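To start, the structure itself, in structure tokens.
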Amino acid sequence: MFRAPVATGDDSTEGEPLKIVVTGGAGFIGSNLVRALADSPRITEIVAVDDLSTGSLDNLLDLPVRLLTGTILDPDVLNEAVTGAASIVHLGALGSVPRSIDDPLRSHHANATGTLTVLEAARRHQVPHVVVASSSSVYGTNPVLPRHEDLRPMPISPYAVSKLATEAYALAYASCYGLQVLPFRFFNVYGPRQAADHAYAAVVPRFVTAALSGRPLEVHGDGTQTRDFTYVGSVTDVIVDAVLRRVSAPDVVNLAFGVRISLLEVIAELEAVLGRSLQVEYGPPRAGDVRDSQADSSRLAELFPGARRYPLRTGLEATVAWMAGRVLTVG
Ligand code: NAD
């Protein structure tokens, strides 16, 4: 389904006050995004829609945002949220490959049907621009590295399939209804406000909380598997720019910087940040996990020349600082 990766920045929003809706706004990336949007004088209204299934009210404390607590599967909730919006940033979803293996239908409903419900709300209310979050997991077992957007998706988990549906629905709405869409593929985003306290937590918050609590770090496999770890600040910078310039694209766009980091390297950096060595326990690899991941970031650079990567050390320092506060308060 190759289409030329041409970007459009629609200048018609220039100078206008903007209302932005963030689904999943009480989650990790969503709440960091709300913070970043609130810093832009052009953005005069922010509405978050979240059912708080994995997100938390704490993430939005003291922020200038209206939270509608409810599911994106409910059109009434979306009707109330999106009226008059300039853009919807659709992040609401059930993350995690293992969660989707345990309960594929639930992940499908939230991620695939949820995306369709959000796109329908955009269509009903003539919201011109929708940014959606897909995932590097859609590349799955395709062996080619780095992952260029034109590679054939070979998903190996229900989560990855539901994210492929997310981006495909967005592109179909662009084609059928003229909606301006920007489907991003995120790659292992990490940073402050990422939940560590549930069974499906991602690797960085799991490592950091274990390290801060004096527990061994649990590695699935031998730790040489690689990921393109992306600090959340890079992701939110790009999304803010995307809504301010109303950037859309005729195909998916990787949102990562082409750096391949093994779990063993993450542990070594964490040891450097904490100034001590950490105990590691190795277990069997997990079903559904891909072995290596690294983005080709040329399309991102073309669309967002100002996009910048935060070094792993800087990102881990910010993550550790935030989680240290949590570990001390939560105990
Ligand atoms: P998160 O779990 O912290 O945030 C998702 C938010 O969506 C949560 O606040 C949750 O309560 C909410 N939500 C879930 N189902 C909902 C529903 N039916 N109705 C309303 N709200 C609902 O996860 P995150 O890491 O912030 O992920 C944000 C988006 O980015 C997701 O779409 C995820 O699939 C995608 N993504 C994240 C990563 C990553 O590394 N964090 C990687 C690839 C893709």
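In listed order, ligands and their atoms are each counted from 1. Worth saying up front: this structure is predicted, and the values here are computed from it rather than measured. Below, each value reflects all heavy atoms present in this structure, side chains not excepted, and no hydrogens, waters or symmetry copies.
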If you measure from the Lys or Arg side-chain nitrogens to the Asp or Glu carboxylate oxygens, is any gap between E302 and R299 under 4.0 Å?
no

Is a salt bridge present between R185 and E167, judged by a nitrogen-to-oxygen distance below 4.0 Å?
yes

Judged by modelled atom types alone, do N142 and R147 share a side-chain donor-acceptor pair under 3.5 Å?
no

Report all protein residues having a heavy-atom distance below 4.0 Å to some atom of ligand 1; order the list by chain, then number.
G24, A26, G27, F28, I29, D50, D51, L52, S53, T54, G55, G70, T71, I72, L91, G92, A93, A133, S134, S135, Y159, K163, F186, N188, V189

Within a strict 4.5 Å, meaning less than it, do heavy atoms of the L270 and L217 side chains meet?
yes

So, do F184 and L91 sit near enough that their side-chain heavy atoms are less than 4.5 Å apart?
no

By salt bridge (charged side-chain N to carboxylate O under 4.0 Å, His left out), which residues pair with E80, not counting sequence neighbours?
R66

